[in-house]
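Below is one structure, written out as structure tokens, with a few remarks after it.
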Amino acid sequence: MDINDENIIEITEELSCEFEVARALRDYPKDTVVIENVKGFDIPVVSGICNTREKIAKSINCEVSEITEKIIEASDNPIKVDKFTDLSEYNTLEIDLDKIPILTHYKRDGGKYITAGVVFARDPETGIQNASIHRMMVLDNKRLVIRIVPRNLYTYFQKAQKLGEDLEIAIAIGMDPAILLASTTSIPIDYNEMEVANAFKDGELTLIKIGDLEVPQADIILEGKISVTETVSEGPFVDLTDTYDIIRDQPVINLEKMHIKKDNPHYHAIIPAGFEHKLLQGLPQEPRIFKSVKNAVPTVENVVLTEGGCCWLHAVVSINKQTEGDGKNAIMAALSAHPSLKHCVVVDTDVNVFDAEDVEYAISTRVKGDRDIMIVPNVRGSSLDPVAESDGTTTKIGVDATKSLKTLEKFERVSFGE
Ligand SMILES: C/C(=C\C(=O)O)CCOP(=O)(O)O
Ligand SMILES: [Mn+2]
């Protein structure tokens with residue numbers, strides 16, 4: 001795997017994949033780290049290839065402020081993949097998960113978890129391929145349990161269940177961040193995420209044909225089937241709010257083969273609740289929120305699900321305010337586009353949405369509480385919100401931190417001038 005970062009932290013001390021690797025990685029929340037010497041394994045662990053917006057922007061060849069625009073462009077203009085290769089660069093082995101340094105992260109976790117696995121499957125009816133990241137807990141050296149949320153893979157799984165046939169899958173681990181990002185995009189069910197990845201790569205993406213599937217040249221590829229009859233308990237697992245998600249009955253994966261790159265393979269681990277987890281899960285929601293706000297307020301400039309808000313619960317939206325009330329319309333559009341969103345702050349375009357201090361500056365100088373704060377009780381929120389009611393409802397807050405158009409002169413940022 002090409003790790004495209006000139007400042008890699010290399011840890012050579014021998015560490016156990018049970019707790020010790022995860023503990024060491026938490027000391028470097030925004031670095032790319034390679035753990036060279038994992039006790040009992042030949043394969044090093046890499047983490048943090050997508051833990052900053054800068055790294056993600058670099059992988060898709062744009063500036064941080066252009067990521068949303070770039071995702072929208074690639075999702076709206078996917079490119080059919082026409083470059084394929086085979087498995088000649090891999091060693092193919094009978095499945096044995098005990099040969100891969102899969103981590104146990106925190107003390108109360110349900111077990112070892114694959115956290116950077118992209119799952120590839122075809123719709124049993126239409127044949128369209130889906131790619132999505134799922135957490136998968138290890139049951140033994142041949143079996144996993146997968147958390148499937150009701151999105152595209154879940155729909156395929158339901159169709160497979162109706163047909164009574166297990167769903168064939170490949171799990172790819174350790175790949176170019178642009179392909180990881182494409183796998184997390186929220187695109188319609190009849191779209192193939194690898195065509196979005198190919199658009200990020202200007203048509204240069206090469207995939208491997210494995211059975212009926214077309215899979216990226218990842219460092220590790222597992223082959224197997226999601227059972228349509230067998231479920232077991234999955235969890236506990238720390239989700240992006242840094243709190244434990246609940247235990248649920250989820251489908252079992254029976255694995256058959258594994259393909260490991262001959263040349264310098266790494267096992268990619270995403271630390272639960274780390275910035276890589278937050279960004280890969282949250283950042284692909286930003287284009288959805290952006291499109292919705294654009295409908296309501298055409299002068300929207302950018303949308304960010306902030307790292308402090310777990311890239312899930314807090315949004316900052318910047319607009320070039322034209323009329324009084326634009327801020328509140330932007331809040332309503334953002335809250336409805338991402339139902340998990342709890343708090344939304346709207347700022348003017350002279351405020352940098354990526355800079356928490358600048359956003360706080362806008363809140364402190366441009367908000368009048370009785371006029372600019374919207375409180376919406378009893379709405380559905382995120383299952384991860386620790387203050388949500390048992391029925392899933394919570395209270396949402398919108399903060400309109402835009403300048404009042406009536407008194408614009410009072411808000412002039414003097415140090416911005418001459
Ligand atoms: C399972 C989650 C997200 C996803 O993969 O879509 C996290 C919780 O989702 P909520 O919709 O915020 O409950
Ligand atoms: Mn999909």
Side-chain angles (χ1 to χ4, degrees), residues 71 74-76 78 113 115-137 145-159 167 169 172 179-199 213-215 234-248 250 270 272-273 276-289 305 309-315 334-344 379-394 396:
I71 296 175
S75 306
D76 289 348
Y113 264 93
T115 50
V118 181
V119 178
F120 291 81
R122 283 200 188 274
D123 184 322
E125 285 170 4
T126 66
I128 292 167
Q129 180 176 282
N130 189 69
S132 44
I133 301 186
H134 299 262
R135 69 187 193 224
M136 288 167 276
M137 190 175 90
V145 51
I146 178 169
R147 163 85 170 118
I148 315 187
V149 295
R151 285 201 256 111
N152 296 355
L153 183 65
Y154 186 68
T155 306
Y156 291 11
F157 172 73
Q158 283 179 313
K159 290 183 182 183
L167 187 64
I169 56 161
I179 310 176
L180 271 178
L181 184 67
S183 305
T184 65
T185 50
S186 288
I187 51 175
I189 195 159
D190 54 346
Y191 276 53
N192 175 342
E193 284 81 5
M194 289 306 98
E195 296 182 5
V196 177
N198 199 25
L213 298 168
E214 296 169 356
V215 179
E234 182 275 326
F237 181 82
V238 172
D239 218 316
L240 73 179
T241 40
D242 209 359
T243 52
Y244 270 105
D245 193 10
I246 58 167
I247 299 176
R248 299 175 184 83
Q250 294 287 294
I270 294 176
E276 190 163 35
H277 179 190
K278 289 173 175 144
L279 285 167
L280 281 172
Q281 187 158 334
L283 191 139
Q285 305 301 322
E286 292 168 356
R288 267 184 38 203
I289 303 173
L305 284 166
C310 313
C311 297
W312 202 247
L313 302 176
H314 277 191
L335 290 175
S336 61
H338 176 48
S340 307
L341 190 59
K342 191 160 74 159
H343 302 151
C344 177
V379 264
R380 185 171 83 72
S382 172
S383 61
L384 300 178
D385 174 8
V387 305
E389 299 294 333
S390 54
D391 64 3
T393 61
T394 192
K396 309 220 172 183

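Read the numbers this way: they start at 1 and go in the same order the structure lists the ligands and their atoms.
- Considering both main-chain and side-chain atoms, Arg151 comes within under 3.5 Å of ligand 1 through a nitrogen or oxygen pair.
- Taking a cut-off of under 4.0 Å to the non-hydrogen atoms of Ser340, the atoms of ligand 1 that pass are 10 (P), 11 (O), 12 (O).
- The existence of a salt bridge linking Arg135 and Asp245 is confirmed by a sub-4.0 Å separation between a basic side-chain nitrogen and an acidic carboxylate oxygen.
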Which is it for Tyr113 and Phe237 under the ring pair (Phe, Tyr, Trp, His ring centres under 6.0 Å) test, yes or no, and what are the steps along the way? CA-CA 9 Å; Tyr113 264 93; Phe237 181 82; 4.4 Å; yes
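- Under the 4.5 Å side-chain criterion, counting only non-hydrogen atoms from C-beta, Met136 is in contact with Val119.
- Among the atoms of Ser132, no N, O or S atom is found under 2.8 Å from the Mn ion (ligand 2).
- Numbered from 1 in the order shown, with element, the atoms of ligand 1 that lie under 4.0 Å from a heavy atom of Val149 read 1 (C), 5 (O).
- With respect to atom 13 (O) of ligand 1, the closest heavy atom belonging to the protein is Ser383 OG, 2.6 Å.
- Checking Asp239 against Thr241 by side-chain atom types alone, no donor-acceptor pair falls below 3.5 Å.
- The shortest side-chain heavy-atom distance between Asn130 and Glu193 falls under the 4.5 Å cut-off.
- Asn152 lies close to the Mn ion (ligand 2), since one of its N, O or S atoms is found at a distance under 2.8 Å.
- At a threshold of 4.5 Å between non-hydrogen side-chain atoms, the residues Arg151 and Ile189 do not count as touching.
- Evaluated by nearest non-hydrogen atom to atom 3 (C) of ligand 1, the leading choice among Arg380, Gln281, His134 is Gln281.
- Using a 4.0 Å cut-off between a side-chain N of Lys or Arg and a carboxylate O of Asp or Glu, Glu214 and Arg122 qualify as a salt bridge.
- Taking the Mn ion (ligand 2) as reference, the nearest N/O/S atom within Glu193 carries the name OE2.
- In terms of polar-atom proximity, defined here as any N/O pair under 3.5 Å, Arg147 makes no such contact with ligand 1.
- The Ser382 neighbourhood of ligand 1 comprises atoms 10 (P), 12 (O), 13 (O), with distances under 4.0 Å to a heavy atom of that residue.
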